[in-house]
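Okay, so here's the structure we're looking at.
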Amino acid sequence: MDASEQRIKIAVQKTGRLTDHSLHLLERCGLKVTQSKDQLFCYGENMPIDLLLVRDDDIPGLVSDDVCDLGIVGLNIVEEKRQALLHDGREAMFKQVFELDFGHCRLSLAAPEGTDYRGPESLNNRKIATSYVGILRDYLNKCGVAAEIVYFSGAVEIAPKLGRADYICDLVSTGSTLDANGLAEVDVLLESEAVVIQTRAELSEDKQALVDRMLQRLDGVLQVRESKYIMLHAPRAALGEICDLLPGSEAPTVIPLEGTDDKVAVHAVCRETVFWETLENLKSAGASSLLVLPVEKMLA
Ligand code: PRT
Ligand code: ZN
């Protein structure tokens, strides 16, 4: 078998809002690549994993067609591709595996300020400008609304001013683009963030093992994001109460302390944010010598 067949490919946005986050995430998974943002291809130096740097719109197709094994892309793009394939009577050959908690935005309907919007029925016989034809068509069908979809490849927010549409359907994050164009958000169709998608094509055993390894590392990185390692001393009598106060921890380790029987050391991984209030409550319950440490890596 050709050695290149043993490598896997991950599709990442070449330049845009998701690029830095995506590359940083892969770096945290231990992948070192020959950084060449302006080129199409990044070679994995320390693992048989390469990156294909492409336009975000192309990522679901590349993963669906098994050109890439994994992809990092906004859910908005994934859903739009899924709807486009469905419309053609085809099924998406990718599945979503992780939400990544960056690239947050929403696909919303907006109208010129002052528009009397009373729910989807207000869209009947109206024109809606969007680049998200698939998601919007699906939404209108589900609501039983007959509206005309006007395709815009960009600058959707100027469509009402141009007299081309009554409403727009576009991504919103802070809302300032809508504001600047005298538009107001009236409904949300989809809450989006960056996700990891995986091909549903059958892979060779070696490739599948590589994909699984990468997914396990991604899972580890995502899990430690909020995780902290807490160490404290607790009176034996208050152990139950103190363990209950530890946020999102499973089975803390309890260790005897040299020279005392009524106190123990408690170590726990907490998978939620540890607030000052939590530490104060632990102290009130009798805990002492509290230490909170960041967790660098985790392998379940
Ligand atoms: O060249 P390529 O096709 O790869 O890039 P692109 O220009 O299509 O995408 P890019 O880099 O702008 O966005 C990539 C992904 O980031 C999107 O698919 C979303 O998943 C996510 N994302 C998060 C956003 C936004 N926030 C966002 N605010 N994508 C676009 N916007 C735009 C929106 O279209 C509108 O024009 O920003 C404007 C609204 O922003 P606010 O803050 O004014 O509301
Ligand atoms: Zn794009």
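In each ligand, atom 1 is the first atom listed, and ligand 1 is the first ligand listed. In what follows, residues are counted from 1 in the order of the sequence shown.
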Check your understanding: Can you find a non-hydrogen atom of Glu193 under 4.0 Å from ligand 1?
Key ->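 Glu193: no contact with ligand 1 (<4.0 Å).
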If you count the atoms of ligand 1 from 1 in the order shown, which ones are under 4.0 Å from a heavy atom of [X]?
X: Gly74; answer: 20 (O)
X: Asp170; answer: 34 (O)
X: Gly16; answer: 11 (O)
X: Thr177; answer: 38 (C), 39 (C), 40 (O), 41 (P), 43 (O)
X: Val172; answer: 44 (O)

**Study point:** Separation of Ile10 CD1 from Asp69 CG (nearest 0.5 Å)
**Key:**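 So the gap between those two atoms works out to 8.0 Å.
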Check your understanding: Measuring from Leu279:CG to Ile230:CD1, what's the distance to the nearest 0.5 Å?
Key ->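 Spacing of CG (Leu279) from CD1 (Ile230) equals 6.0 Å.
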**Study point:** Flag for Asp206-Ser204: side-chain donor and acceptor within less than 3.5 Å
**Key:**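 Side chains of Ser204 and Asp206: no pair found under 3.5 Å.
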Point to revise | Glu185 side chain to Ser108 side chain, donor-acceptor N/O pair below 3.5 angstrom | key: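 Yes, side-chain donor-acceptor contact under 3.5 Å.
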Below a 4.0 angstrom heavy-atom separation, can you tell me which part of [X], side chain or backbone, both or neither, approaches ligand 1?
X: Asn76; value: side chain
X: His104; value: backbone
X: Gln13; value: side chain
X: Leu75; value: neither
X: Val73; value: neither
X: Leu18; value: side chain

Among all protein heavy atoms, pick the one closest to [atom] and tell me residue, atom and distance.
atom: atom 35 (C) of ligand 1; answer: Leu171 O, 3.6 Å
atom: atom 28 (N) of ligand 1; answer: Ser173 OG, 3.1 Å
atom: atom 14 (C) of ligand 1; answer: Asp56 OD2, 3.4 Å
atom: atom 26 (N) of ligand 1; answer: Cys105 CB, 3.4 Å

Practice item. May I ask which of Arg106, Arg55, Arg17 has a heavy atom nearer to atom 37 (O) of ligand 1 than the others do? Key: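 Residue with the shortest heavy-atom distance to the ligand atom: Arg17.
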**Study point:** Best match, Val78, Thr174, Asp57: closest heavy atom to atom 41 (P) of ligand 1
**Key:**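 The nearest heavy atom belongs to Thr174.
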Review point. Picking from Val254, Ile255, Leu291, what satisfies side-chain contact (heavy atoms from CB on, under 4.5 Å) with His267?
Key: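 Exactly one pass, corresponding to Ile255.
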Check your understanding: Quick one: which of Leu178, Thr130, Val150 gives a side-chain contact (heavy atoms from CB on, under 4.5 Å) with Ile168?
Key ->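 Exactly one option meets the side-chain contact (heavy atoms from CB on, under 4.5 Å) with Ile168, and it is Leu178.
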Check your understanding: Does atom NE2 of His24 have more than 12 heavy-atom neighbours, drawn from other residues, nucleotides or ligands, at distances under 6.0 Å?
Key ->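 Counting other residues, nucleotides and ligands, NE2 of His24 stays at 12 neighbours or fewer.
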Review point. Does Glu202 CD have over 12 foreign heavy atoms under 6.0 Å away?
Key: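 Atom CD in Glu202 is not packed in, count stays at 12 or less.
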Review point. For Ser192 and ligand 1, does the shortest N/O to N/O distance drop below 3.5 Å?
Key: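 Checking ligand 1 against Ser192, no N or O pair falls under 3.5 Å apart.
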Check your understanding: Backbone or side chain, does any N or O of Glu157 fall under 3.5 Å from an N or O of ligand 1?
Key ->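 No; every N/O pair is 3.5 Å or more apart.
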Point to revise | Salt-bridge contact Asp50-Lys9 (side-chain N to carboxylate O under 4.0 Å) | key: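 Looking at Asp50 and Lys9, the cut-off is not met.
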**Study point:** Arg118/Asp116 ion pair, N-O < 4.0 Å
**Key:**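 Looking at Asp116 together with Arg118, the answer is yes, because their closest N to O distance falls below 4.0 Å.
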Practice item. Looking only at N, O or S atoms, find the one in Asp56 nearest to the Zn ion (ligand 2) and name it. Key: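 Going by distance to the Zn ion (ligand 2), the closest N, O or S atom in Asp56 is OD1.
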Practice item. Have a look at Asp57 and say which of its N, O or S atoms is nearest the Zn ion (ligand 2). Key: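 In Asp57, the heteroatom (N, O or S) nearest the Zn ion (ligand 2) is OD1.
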**Study point:** His233 side chain reached by Leu257 side chain, heavy atoms, under 4.5 Å
**Key:**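 A side-chain contact exists here, since the closest heavy-atom pair is under 4.5 Å.
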Review point. Tell me the salt bridge (Lys or Arg N to Asp or Glu O under 4.0 Å) pairs involving residues 70-87, sequence neighbours left out?
Key: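 Salt bridge (Lys or Arg N to Asp or Glu O under 4.0 Å) check on residues 70-87 returns Glu79-Arg82.
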Exercise for review: Using atom types as modelled and distance alone, determine if a side-chain donor or acceptor of Ser122 lies under 3.5 Å from a backbone N or O of Tyr117.
Suggested key: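 No, the answer is negative, given that no donor and acceptor are paired below the 3.5 Å cut-off.
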